[in-house]
Amino acid sequence: MLITLIGLIANLAQYMSIALVPVASAKLGGNAFMVGVVTGAFAITALGSRFFVGVVTGRFPKRALLFATLLLITVAFAMYAAAPNLGVLLAGRLVHGIGMGFLAPLTLALAADALPENRMASGIGWFSMSQAFSMAAGPAIGLALLGATSIRIPFLICLVTTAAAAVMAWGLPRQHDIAPERVRLRAESFFAREALRPAVIVFFLASGFASVNAFVVLFGREHDIASVGTYFTVYAATMLAARPITGRLADRYGVRAVMVPSMVLFLMSFVVLALSHGLPMMLAAAVLAGLGYGVCQPLVQSLALGSVAPERRAVAGSTNYFGVDLAYLITPVAAGGLLTAATGAFGSTGAGYTAMFLVMTLPVAVAIALALRTRRTPRPQEDSL
């Protein structure tokens, strides 16, 4: 389906940038704290734009919205490629955030509309496979290009691929040109209260994941680990293998029966990563993270989407992404500050990384506690956290 292909291309560029932006920040003179600030800055505008997803999708045709969103992300990549200093790079992150604030809930809602209710968990899992493939290919491609060229070339490639996705969005079926019925401006137009609990859970899960995204490349370089981009490839390959199986299990036995064990594996990945001094242990951590966060994320999304009527799925998806955006806004900065403080306290950057990754098990533990608060494990269509 075309919307899945568009998501694949857009996410490929996004995950290339996840690995590249921290490196670009460091090359432009940023310390660990500033790397965290720049890496997480896109969440400021992404979080703000989420408030308007429900209203905008209720008033404008989705095809035009998706086209405009992808053009905006293309502009952000142009700013990355041209950035002469941290200020321009930071501005690009803010522009990028606006686009990402609309892109994920738009594509997620379009995908969910094509799925039957009793296949929501596995269907969203399959749709998110494009994201998984992008996670596998994006960072590895970006870092490989970075090793062979300047930092600007991978960003220019991201620009081209995102522009191609925009052209494809313009080619979506013409029914998307029909503007939806105008909705009244109410609180429900901005935020889905029913999806609040899944959003809180995904906030704590994404907090841990954001810290890894921001610092795992620099962590590998600190320990002189070659081919650190393989971490992302192994993570995504594990997720690609696991999601079809876990999605079917969730449809059959209930989301929580699969989600809680995967959260425990995600927590374990931080312990293994914190103790890593070579590529084998890093890759073991990547496998655990793929079986952990890689499995949890679409399951929590399915809970959010299943908590509302079909016409409010864009709002529910946006509410769920509030948790992700807030995590990406807070955690890289907090993790960078923690890394700086721990490095000073222990007198070693390696020890600082160990301390930081161990501390990041705490938000995952909170997510596990929240998921365990429900007495029964209903099927996904009955699920309401």
Side-chain angles (χ1 to χ4, degrees), residues 17-47 80 83-94 96-97 139 142-143 146 151 203-225 228-229 231-232 266-267 269-279 281-282 285-286 289 293 324-366:
S17 74
I18 280 178
L20 293 169
V21 167
V23 177
S25 302
K27 282 182 175 292
L28 291 172
N31 58 20
F33 178 75
M34 283 306 301
V35 168
V37 170
V38 174
T39 301
F42 88 102
I44 298 173
T45 45
L47 190 63
Y80 293 159
N85 52 52
L86 279 174
V88 176
L89 191 67
L90 178 61
R93 291 297 277 168
L94 296 174
H96 197 170
L143 292 173
L146 182 60
I151 188 68
F203 164 75
F204 287 108
L205 292 173
S207 291
F209 194 64
S211 68
V212 175
N213 276 343
F215 291 103
V216 71
V217 174
L218 300 178
F219 170 76
R221 291 186 172 188
E222 172 66 24
H223 290 287
D224 296 319
I225 299 173
V228 69
Y231 175 92
F232 296 99
F266 186 40
L267 187 149
S269 74
F270 286 91
V271 178
V272 174
L273 186 60
L275 300 176
S276 297
H277 294 287
L279 187 60
M281 285 191 70
M282 280 193 71
Y293 186 78
V324 177
D325 292 339
L326 193 59
Y328 273 86
L329 173 62
I330 295 173
T331 308
V333 179
L338 177 62
L339 173 60
T340 301
T343 298
F346 295 109
S348 163
T349 305
Y353 276 113
T354 297
M356 180 193 71
F357 285 130
L358 288 176
V359 169
M360 295 315 300
T361 62
L362 296 178
V364 182
V366 173

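For clarity, every value in this text was computed on a predicted model and none was experimentally measured.
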query: Heavy atoms, side chains only, cut-off 4.5 Å: are F215 and T39 in contact?
result: no
- request: On the 0 to 90° scale, with breaks at 30° and 60°, tag the F357-F219 ring pair as parallel, tilted or perpendicular.
  value: perpendicular
- request: Mind checking the OG1-CG spacing from T354 to L273? Nearest 0.5 Å is all I need.
  value: 9.0 Å
query: Which heavy atom of P332 sits nearest a heavy atom of A327, and at what distance?
result: CD-O, 3.6 Å
task: Working to the nearest 0.5 Å, report the span between CE of M360 and OG of S269.
output: 11.0 Å
Kindly list each side-chain donor-acceptor pair under 3.5 angstrom involving residues 22-36, sequence neighbours excluded, with atom names and distances?
residue	atom	partner	partner atom	Å
S25	OG	V21	O	2.8
N31	OD1	F33	N	3.2
N31	OD1	M34	N	2.8

- request: For the residue pair F232 and V217, establish whether any side-chain heavy-atom pair is separated by less than 4.5 Å.
  value: yes
task: Please report the closest heavy-atom contact between S207 and P363, naming both atoms and the distance.
output: CB-CB, 4.1 Å
query: Going through the checks in order, is the side-chain contact (heavy atoms from CB on, under 4.5 Å) test met by Y293 and V364?
result: CA-CA 10 Å; Y293 186 78; V364 182; over 6 Å; no
statement: What one should report as the nearest heavy-atom pair of E222 and G350 is OE2-N, 4.0 Å
- prompt: Roughly how far, to the nearest 0.5 Å, is OG1 of T343 from CE of M356?
  reply: 9.0 Å
- request: Locate the shortest heavy-atom distance separating R93 from S17; write the atom from each residue and the value.
  value: NH1-OG, 4.3 Å
message: Within this structure, what is the CD1-CG distance for the pair I44 and L94, rounded to the nearest 0.5 Å?
response: 5.5 Å
field: Stepwise side-chain contact (heavy atoms from CB on, under 4.5 Å) check, Y231 with V212
entry: CA-CA 10 Å; Y231 175 92; V212 175; 3.5 Å; yes
- request: Give, for atom CG of L90 and atom OH of Y80, the distance between the pair rounded to the nearest 0.5 Å.
  value: 9.5 Å
statement: What one should report as the nearest heavy-atom pair of A210 and T331 is CB-CB, 4.2 Å
- prompt: Are any of the side-chain heavy atoms of F270 and L358 separated by less than 4.5 Å?
  reply: no
query: Using the ring of each side chain (for Trp, its six-membered ring), is Y328 parallel, tilted or perpendicular to F42, with breaks at 30° and 60°?
result: perpendicular
field: Heavy-atom pair of closest approach, residues G208 and S211
entry: O-OG, 2.6 Å
task: Could you pull out all residues at least two apart from H277 that satisfy ring-ring contact (aromatic ring centres under 6.0 Å, His included)?
output: H223
